[in-house]
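Working notes for the structure below.
Predicted, not measured: the structure shown is a model, and the values here were computed from it. Nothing fancy with the numbering, it's 1 onward along the sequence.
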Amino acid sequence: MAEAAGGPRPEAEAAALRERLRGVRHTVLVLSGKGGVGKSTFSALLASGLAADEAKQVALLDIDICGPSIPKMMGLEGEQVHQSGSGWSPVYVEENLGVMSVGFLLSSPDDAVIWRGPKKNGLIKQFLRDVDWGEVDYLIVDTPPGTSDEHLSIVQYLGAAHIDGAVIVTTPQEVSLQDVRKEINFCHKVKLPIIGVVENMSGFVCPKCKNESQIFPPTTGGAEKMCQNLNVSLLGKVPLDPQIGRSCDKGQSFFSEAPESPATLSYRSIIQRIQEFCDQHQFQEEKII
């Protein structure tokens, strides 16, 4: 019936997605309850940090369709997607780090994407089905803030293949945490494993006097207290560093620009914990098989 009406059956679509994504070993979604907490920055730095191991192939998929900032952060603004016989080719930052974003499909970075849900969902499915990801160790998916169409779609489509889990990004103040609680609730409802929470913009260490200031005071205990209450892992806290913003604006690697920054050290610890979770998740799945 569905095929007669002009669309493939759900089973056929799921099989096509499974086939396209069978070379992806680990998939991590990056979520946030609220915009402006540094989710895309985290996604970009997570992908860059994983790709620092040249033996690993990393892919970064930007499904923040109305606000695609990944091309700028990765130094890829103005690049275009090319089509080959095997599908769309990702745009590569390095030989082992490929990126796909709606930003590559716009004629100008200032163009507004004014789409209703079905069109957004169609593009997400196309990114997963038609992009030639190849053999990938980590697929990082940068999502828009909230719990909307895009989140339901990506969980549904990737459910046909494999998702290791979600990393949820917040800032310390209660106005952010209240939306993160909704995000955690969303993950439980759609049976999406939670790798853990990252508290971003967690204090500021003055580079001159070395004193730490709380720019966003954790008035209700911050992410640490919330994670304890909800029995969710706190992956780490990333302090504010103005160099992060400068590096993202220039499309340069923050890790290369500030290798000794407290934020860099925090990121490296968080990335290691995410890798350990993914390895353990894979081990458990192999035991079940």
Side-chain angles (χ1 to χ4, degrees), residues 28-49 60 62-64 66-67 69-70 73 140-148 150-152 154-155 163-190 192-205 212-242 244-245 248 254 261-278:
V28 175
L29 305 190
V30 181
L31 311 176
S32 74
K34 188 172 289 297
V37 298
K39 170 188 51 58
S40 293
T41 302
F42 179 84
S43 298
L45 289 172
L46 172 59
S48 296
L60 175 56
D62 177 11
I63 63 165
D64 193 346
C66 293
S69 49
I70 290 295
M73 291 180 177
I140 309 303
V141 183
D142 181 40
T143 67
T147 55
S148 55
E150 293 94 323
H151 304 82
L152 289 169
I154 197 74
V155 170
I163 307 177
D164 286 82
V167 175
I168 304 174
V169 182
T170 186
T171 47
Q173 72 274 37
E174 177 59 26
V175 74
S176 176
L177 295 171
Q178 66 180 2
D179 285 342
V180 168
R181 293 186 190 95
K182 297 182 182 76
E183 200 77 44
I184 290 170
N185 186 253
F186 165 82
C187 291
H188 291 325
K189 284 187 174 179
V190 299
L192 175 61
I194 298 172
I195 299 173
V197 172
V198 172
E199 184 176 88
N200 201 20
M201 309 183 198
S202 181
F204 170 71
V205 179
E212 182 172 352
S213 304
Q214 294 297 329
I215 308 297
F216 301 108
T219 52
T220 56
E224 189 167 2
K225 182 74 180 295
M226 179 196 71
C227 288
Q228 289 171 358
N229 292 341
L230 298 178
N231 195 27
V232 174
S233 295
L234 177 66
L235 295 173
K237 300 179 181 183
V238 180
L240 279 162
D241 187 328
I244 295 177
C248 287
F254 167 68
S261 164
T264 296
L265 302 178
S266 178
Y267 262 108
R268 295 208 185 284
S269 170
I270 291 166
I271 290 168
Q272 184 177 350
R273 292 192 64 184
I274 292 170
Q275 287 178 294
E276 288 169 356
F277 179 97
C278 290

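For the atom pair CG (L177) and OG1 (T170), the distance works out to 4.5 Å, reported to the nearest 0.5 Å. Atom OG in S269 sits 10.0 Å away from atom CD1 in I274 (nearest 0.5 Å). Atom CG of D241 is separated from atom OH of Y267 by 10.5 Å, given to the nearest 0.5 angstrom. We find the CD1-CG distance between I168 and L234 to be 11.5 Å, quoted to the nearest 0.5 Å. For the atom pair CG of D142 and CG of L29, the computed distance is 10.0 Å after rounding to the nearest 0.5 Å. The line from CZ of R181 to CD1 of I184 is 8.0 Å long, rounded to the nearest 0.5 Å.
Nearest approach of V37 to S176, heavy atoms of both residues: CG1-OG, 3.6 Å. Shortest non-hydrogen contact noted between S43 and I70 is CB-CD1, 4.5 Å. Considering every non-hydrogen atom in both V180 and V169, the closest pair reads CG2-O, 4.1 Å. Considering all non-hydrogen atoms of both residues, S32 and K34 come closest at OG-O, 2.9 Å. The minimum heavy-atom distance between E199 and S202, with the atom names listed, is OE1-OG, 2.7 Å. The minimum heavy-atom distance between K39 and L31, with the atom names listed, is CD-C, 3.8 Å.
H188 places no side-chain N or O within donor-acceptor distance of the main-chain N or O of N185, the cut-off being under 3.5 Å. In this structure, the side chain of R273 does not engage the main chain of I195 through any donor-acceptor pair within 3.5 Å.
No more than 12 heavy atoms of other residues, nucleotides or ligands lie within 6.0 Å of NZ in K225, so this atom counts as exposed by the packing criterion. By the 6.0 Å contact criterion, CD on Q173 is enclosed, its count of non-hydrogen atoms from other residues, nucleotides or ligands being greater than 12.
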Apply side-chain contact (heavy atoms from CB on, under 4.5 Å) to the pair F42 and N200, showing each step before the final yes or no. CA-CA 9 Å; F42 179 84; N200 201 20; 5.7 Å; no
Carefully, step by step, assess Q275 and C278 under the rule side-chain contact (heavy atoms from CB on, under 4.5 Å). CA-CA 5 Å; Q275 287 178 294; C278 290; 5.8 Å; no
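Side chains of P144 and I63 form a contact here, defined as non-hydrogen atoms less than 4.5 Å apart. Between T41 and F254 the shortest side-chain heavy-atom distance does not fall below 4.5 Å. Side-chain contact between S48 and L60: absent, with no pair of heavy atoms (C-beta onward) separated by less than 4.5 Å.
Using modelled atom types and a 3.5 Å distance limit, the side chains of E174 and T220 yield a donor-acceptor pair.
For the pairing with I163, the side chain to side chain contact (heavy atoms under 4.5 Å, CB included) check across V28, L192, V141 returns one residue only, L192.
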